[in-house]
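To keep things clear, I will list the structure first and then write my remarks on it.
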Amino acid sequence: MQQTGIPPNKVTFSVVLKACAMIPALQQGKQFHSDIIKSGFESDVILGSTLVDMYVKCGCIEDARQVFNNMHERNVVSWTAIIAGYAQQGLGKEALELYEQMKQKHVQPDVVTYVVLLKACASIAALEQGKQLHLDIIKSGFELSVIVGNTLVGMYAKCGSIEDARQVFNSMHERDVVSWNAMIAGYAQQGLGKEAFNFYKQMKQEGLQPDIATYVVLLKACASIAALEQGRQLHLEIIKSGFESDVILGNTLVDMYAKCGHVQDARRVFNNIHELNVVSWTAIIAGYAQQGLGKEALDLYEQMKQEAVQPNIVTYVVLLKACASIAALEQGKQLHLDIIKSGLELDVIVGNTLVDMYAKSGCIEDARQVFNNMHERDVVSWNAMIAGYAQQGLGEESLTLLEQMQREGLKADEVTYGSVLSACSHSGLVDKGCQVFDSMCKDHGIIPTIEHYVCMVDLLGRAGCLAEAENFISKMSVPPNFLVWMTLLGAAKNHGHVEIGRHAFGCAVKLEPENAAPYVLLSNIYAAAGWRDEVANI
DNA sequence: GTAGGGTTAG
């Protein structure tokens, strides 16, 4: 067209931008953007909205925002396009903030706006805001739309409120296969595999045909509860339905078999996928890694590279976890280089996984270096580093990091405190550990888990404060479990404390009468004390 | 003849 010299008009540009969004093709999109400016169509509201959508679909939310900010005129479509962009990137907070601005400008939301806002809530599990939107939707009468109903079901399910999802589903005037899929997916996400299958049965009874997404969500339900037999049954149905060549379904089957512990079956499905993509490779690599077969996982990575499939963030995370599980430091370092080459080292999740890999491989200095070089750190980053110090028994360092993290305004969570307490215990920092525990409960409002209690008993017990440990157990807000008593019993053994040992033994045996471990420890205590008859008796 | 939306893979 350009060769014939016919000048493109607004409609032409609109159509080609849509093509760029579909592929997606950022470079060509940018070229058209500059052509639009040259042609003087810049201020057209339709082209502006299309440009926003093109940048969104190409993953460039910043460029989309810039176009949006420079628009002379903005209507509901323009606002919806940019809000959808933030929602798709998982930036639900920013999306909801834009909605507030939109209302201030007196632009009325329509059905599509509500759909993308609900998706924004789903992306950040903002249940309260989702409920408020639900009320607005009812007021506007949009709840009769099937798409709105389906989105509400998905929003409630992703926010963890499966009851609300069910209520919306039941009240819907019209349902299609997506409605059923959304409900089944909701149950699968919550690990409620049985309910998911009940819905599937009901769906078929009502005469609806399952589609590819139905099978995908059902297989996820199987994976979540390791229901191998139902997974096999579905596999047969998929073959009968003719969907077996679908790559997404194939990848989901690989994942289902792997999560059910049948990596051989996973491999068989993998070998039959016609067009293996990065997800297929990642799924099978993750399958081997989850089974503790780190070497096989790394071998597959080599094959993947030979097939010229480009790994992405998820692939690297899975591979680093495989390295960490077998402490394969050399391969981990090689992966680190590959990650730097691919430009993905700035991703927070990748950084966190690198810290964890180095720490688990015993290279605390390398872990710290990655940690220091990270551009952005979240609570997981700090937890990974602190856990590394805890594993090395470096109590002071973990305490310093806890303080530093709090100074930087991050909230330590139960995982952080678990690591810090464990580090204190291994370093003999009794007073510090007790202070941290008190501060965790009183200043930070964290309810201690049984793991925290075990740590505290270990901390006191190791230091020889057995009476304090026993007293601590008597004041716990949850009933002490077997491990708590075993920890006290172990401490009693190490410090030759017969009375407390007997008490801990009695409580442990009450909880797990079949377990031989308490008997072994108590007999050791008696033996050390020279009580031969008691040893024989036990 | 032109713009934004629902379920679904690692």
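A, B, ... follow the sequence lines: proteins, then strands. Residue 1 opens every chain. Just so it is clear, the values below take in all heavy atoms, side chains as well, and ignore hydrogens, waters and symmetry mates.
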Exercise. Looking just at side-chain N and O atoms, do A:Ser78 and A:Asn75 make a donor-acceptor pair shorter than 3.5 Å?
Worked result: yes
Problem set entry | Proximity to the side chain of A:Lys10 - top-ranked nucleotide from B:dT2, B:dA3, B:dG4 | B:dT2
Seminar exercise, completed: Picking from B:dT2, B:dG4, B:dT8, the nucleotide nearest the side-chain atoms of A:Lys57 would be B:dG4
For this session: Return yes if some donor-acceptor pair links the side-chain N/O of A:Arg175 with the main-chain N/O of A:Trp180 below 3.5 Å, else return no.
Result: no
Seminar exercise, completed: Closest to the side chain of A:Asp255, out of B:dA3, B:dA9, B:dT7, is B:dA9
Exercise. Nearest to the side chain of A:Thr50, which nucleotide is it out of B:dG10, B:dT7, B:dA3?
Worked result: B:dA3
For this session: Applying side-chain hydrogen bond (donor to acceptor under 3.5 Å, both in side chains), name anything that partners A:Asn352, two or more places apart in sequence or on another chain.
Result: A:Asp378, A:Ser381
For this session: Verify the distance criterion only: is there a donor paired with an acceptor across the side chains of A:Asp413 and A:Thr416 at less than 3.5 Å?
Result: yes
Problem set entry | DNA chain B contacts made by residues 118-137 of chain A, counting heavy atoms under 4.0 Å | A:Lys119
For this session: Looking only at side-chain atoms of A:Val116, point me to the closest of B:dT8, B:dG5, B:dG1.
Result: B:dG5
For this session: Output, in order, the C-alpha distance, side-chain angles, deciding distance and verdict of side-chain contact (heavy atoms from CB on, under 4.5 Å) for A:Trp281 and A:Tyr301.
Result: CA-CA 8 Å; A:Trp281 284 97; A:Tyr301 173 54; over 6 Å; no
Exercise. By side-chain hydrogen bond (donor to acceptor under 3.5 Å, both in side chains), which residues pair with A:Arg65, not counting sequence neighbours?
Worked result: A:Asn69, A:Tyr86
Exercise. Of all the nucleotides listed (B:dT8, B:dG4, B:dG1), which has the minimum atom distance to the side chain of A:Lys158?
Worked result: B:dT8
Seminar exercise, completed: Winner on side-chain proximity to A:Ala283, out of B:dT7, B:dG10, B:dG4, is B:dG10
